[in-house]
Amino acid sequence: MSQKIPLSWLQLTREKTRLAVALAGISFADILMFMQLGFRDALYYSNVRFHSSLQGDIVLINSQSSAVLAMRSFSQRRLYKALELPAVQSVHPIYLDFTIWKNPVTGRPRSILIFGMNPETNIVNLPGVQENLDKLKLPDVVLFDRSSRVEYGPIAANYDQGKTVTAEVRRRRIKVEGLFTLGASFGADGNLITSDINFLRIFSNRQKGLIDIGLIRLKPGADANIVAQELRKYLPNEVNVLTKQEFIDFERNYWANSTAIGFIFTLGTVMGFIVGTVIVYQILYTEVADHLAEYATLKAIGYTQNYLLTVILQEALLLAVLGYFPGIVFALFMYKSARDATLLPVFMSFERAVMVLILTMLMCIISGAIAVRKLRSADPADIF
């Protein structure tokens with residue numbers, strides 16, 4: 001067994017240029033898979049950060065709503081009706097909508113997402129919200145997401161310097177009196193939080209009492225799944241009753257299955273796998289073809305087909321491991337560049353690193369298994 005690994009290693013390192021090309025190809029395939037999976041996970045994570053921040057147990061939405069991008073309003077009477085259940089502790093209506101923000105420096109318009117909620121209770125676990133809730137009780141005051149894209153203007157920088165920050169939102173002059181952190185997503189480049197009253201001032205065409213999200217907090221010890229089942233029987237079908245986790249999954253599934261972008265990232269990962277498989281196959285096939293006489297000699301002196309198969313598969317695994325490390329290092333650099341450029345949460349996770357390593361090894365093993373078929377033509381009779 002000790003002679004098998006050196007033989008495969010010597011085979012690979014005999015042609016340094018060929019080895020370098022093989023490792024570059026595998027690293028490229030790994031980078032492609034890393035980037036596609038990274039962007040896909042950033043897509044999912046960025047679009048559910050608000051959902052995850054909600055400090056509640058059950059969420060009500062209009063049954064015709066498909067995602068935050070396409071919310072339909074419903075009467076808040078449905079939400080307050082939930083208070084009739086003994087397990088319900090409190091209910092909290094939330095308004096949300098997209099509108100136009102004008103960059104206060106350039107005057108350029110850009111779409112922004114606004115959340116409106118009662119400032120008496122903090123219902124979102126986001127940095128910067130709790131300490132600024134009282135400010136939202138003032139007219140035409142908003143909190144600005146410091147992680148919004150730069151196209152909205154130097155809002156966070158000016159506020160941190162103590163400057164008065166005002167802007168025009170939906171042709172209404174508003175004042176930024178605080179900053180919070182949520183982050184850009186594939187659906188919204190920037191976010192604002194304000195009071196429900198200020199929200200209705202900005203959206204003067206919105207009818208008071210028609211909300212977009214209803215958040216329900218349960219009493220300690222209550223089971224959210226059981227209460228959700230009760231609410232589904234208690235409330236009309238026009239309202240969709242979801243636990244908090246179901247609400248997160250609801251948004252995630254929209255981006256994964258109802259939009260082209262989720263499919264594109266998955267397809268890109270598959271293409272990276274196929275590209276890597278083809279590259280490794282070409283390298284191993286050429287390696288076998290160039291040493292066909294040597295393999296025939298090994299057969300002649302008694303080595304079996306299975307032994308030669310083992311050598312080729314060891315070469316494939318060595319290529320997988322050696323090509324993986326430069327791939328992940330470059331992917332980390334690309335993640336940082338993408339994160340800085342887009343403000344999207346493109347980070348490396350342990351699960352993704354292991355997944356790509358497994359895919360790389362599988363990719364190389366498949367290539368080796370295909371290339372080893374060439375060994376069948378290594379007939380000792382052709383040599384002797």
Side-chain angles (χ1 to χ4, degrees), residues 46-83 88-99 112-130 132-137 141-145 169-170 174 178 180-183 185 187-188 190-218 224 227-228 231 235 238-251 254:
S46 65
N47 283 291
V48 300
R49 280 187 291 198
F50 176 77
H51 306 57
S52 300
S53 73
L54 291 174
Q55 299 190 89
D57 304 288
I58 295 176
V59 175
L60 304 185
I61 59 174
N62 191 310
S63 57
Q64 296 184 356
S65 297
S66 56
V68 166
L69 287 176
M71 297 297 288
R72 298 291 185 90
S73 301
F74 66 97
S75 174
Q76 68 179 5
R77 289 181 298 175
R78 309 300 187 198
L79 175 63
Y80 286 107
K81 192 173 180 64
L83 286 171
V88 175
Q89 184 178 68
S90 60
V91 296
H92 307 274
I94 301 174
Y95 298 88
L96 67 87
D97 209 339
F98 286 87
T99 191
I112 197 168
L113 179 60
I114 305 182
F115 299 96
M117 54 197 71
N118 190 333
E120 294 294 335
T121 305
N122 183 21
I123 57 174
V124 289
N125 183 23
L126 295 172
V129 174
Q130 179 63 49
N132 291 306
L133 277 180
D134 287 340
K135 298 177 182 177
L136 295 181
K137 298 176 182 179
V141 166
V142 301
L143 306 182
F144 183 82
D145 181 5
V169 176
R170 202 178 177 87
I174 55 92
F180 70 101
T181 303
L182 177 57
S185 68
N191 306 282
L192 298 176
I193 289 180
T194 190
S195 68
D196 48 358
I197 296 176
N198 283 328
F199 181 93
L200 294 172
R201 287 193 180 107
I202 295 171
F203 296 92
S204 55
N205 61 323
R206 289 284 298 264
Q207 183 178 344
K208 183 179 180 181
L210 289 181
I211 62 175
D212 300 289
I213 298 174
L215 183 65
I216 299 175
R217 286 179 176 172
L218 302 180
V227 177
L231 284 171
L235 297 176
E238 68 184 62
V239 178
N240 195 0
V241 181
L242 305 169
T243 64
K244 180 180 175 179
Q245 185 58 51
E246 288 172 343
F247 185 44
I248 294 172
D249 295 339
F250 176 80
E251 184 77 20
Y254 169 80

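Note that the numbering runs from 1 along the sequence shown for the chain.
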Worksheet item: Does Asp212 pair with Arg206 as a salt bridge, N-O distance under 4.0 Å?
Response: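 Between Arg206 and Asp212 there is a salt bridge, with a charged N closer than 4.0 Å to a carboxylate O.
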Discussion item. Looking at Asp57 and Arg217, is there a salt bridge between them, counting it only when a charged N and a carboxylate O are closer than 4.0 Å?
Written reply: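 No, this pair does not count.
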Would you call [X] and [Y] a side-chain contact if the rule is heavy atoms closer than 4.5 Å?
| X | Y | result |
| --- | --- | --- |
| Tyr80 | Val91 | yes |
| Ile213 | Met71 | yes |
| Asn240 | Leu60 | no |
| Leu54 | Asn125 | no |
| Phe98 | Leu69 | yes |
| Leu235 | Val241 | yes |
| Val68 | His51 | yes |

If you take all heavy atoms of [X] and [Y], which pair is closest and at what distance?
| X | Y | value |
| --- | --- | --- |
| Leu143 | Phe180 | O-CE2, 3.3 Å |
| Ile211 | Pro93 | CG2-CB, 3.6 Å |
| Ile58 | Ala228 | CD1-N, 3.7 Å |
| Ala188 | Leu113 | CB-CB, 4.0 Å |
| Asn191 | Gly183 | ND2-O, 3.2 Å |
| Ile193 | Leu136 | O-CD2, 3.7 Å |

Discussion item. Between Phe50 and Phe115, is the ring centroid distance below 6.0 Å?
Written reply: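 Yes, they do, as the ring centres are separated by less than 6.0 Å.
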Worksheet item: Are Tyr254 and Phe250 an aromatic pair by the rule of ring centers under 6.0 Å?
Response: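 No: the rings miss the under 6.0 Å criterion.
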Practice prompt. Run through Asp196, Thr121, Val124 and flag the one making a side-chain contact (heavy atoms from CB on, under 4.5 Å) with His92.
Written response: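 Per the side-chain contact (heavy atoms from CB on, under 4.5 Å) rule, the option paired with His92 is Thr121, out of Asp196, Thr121, Val124.
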Discussion item. My understanding is that only one of Val48, Leu126, Ile123 makes a side-chain contact (heavy atoms from CB on, under 4.5 Å) with Ser53; could you say which?
Written reply: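 By the side-chain contact (heavy atoms from CB on, under 4.5 Å) criterion, Ser53 pairs with just one of Val48, Leu126, Ile123: Leu126.
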Strictly distance-based, threshold 3.5 Å: is any side-chain N or O of [X] a donor or acceptor partner for the main-chain N or O of [Y]?
| X | Y | answer |
| --- | --- | --- |
| Lys244 | Ser52 | yes |
| Ser75 | Arg78 | no |
| Tyr95 | Gly209 | yes |
| Ser65 | Arg72 | yes |

Discussion item. Counting only heavy atoms not in Ile197 (residues, nucleotides, ligands), do more than 12 fall under 6.0 Å from its CD1?
Written reply: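 For Ile197, atom CD1 is not crowded (no more than 12 foreign heavy atoms under 6.0 Å).
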Item to complete: Flag yes if more than 12 heavy atoms outside Lys208 fall under 6.0 Å of its NZ atom; otherwise flag no.
Response: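 Open.
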Between [atom1] of [X] and [atom2] of [Y], what distance do you get to the nearest 0.5 Å?
| X | Y | atom1 | atom2 | answer |
| --- | --- | --- | --- | --- |
| Ile174 | Leu192 | CD1 | CG | 6.0 Å |
| Ile94 | Asn118 | CD1 | CG | 11.0 Å |
| Thr194 | Phe199 | OG1 | CZ | 9.5 Å |
| Gln89 | Ile216 | CD | CD1 | 12.0 Å |
| Leu133 | Asn122 | CG | CG | 5.0 Å |
| Phe247 | Ile61 | CZ | CD1 | 5.5 Å |

Worksheet item: Could you walk me through whether Gln64 and Glu238 pass the side chain to side chain contact (heavy atoms under 4.5 Å, CB included) check?
Response: CA-CA 8 Å; Gln64 296 184 356; Glu238 68 184 62; over 6 Å; no
Item to complete: Say whether Asn47 and Glu251, considering side chains only, have a donor N or O and an acceptor N or O under 3.5 Å apart.
Response: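 Looking only at side-chain atoms, Glu251 and Asn47 do not form any donor-acceptor pair under 3.5 Å.
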Worksheet item: Do you see a donor-acceptor pair shorter than 3.5 Å between the side chains of Asn198 and Ser195?
Response: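 Side chains of Asn198 and Ser195: pair found under 3.5 Å.
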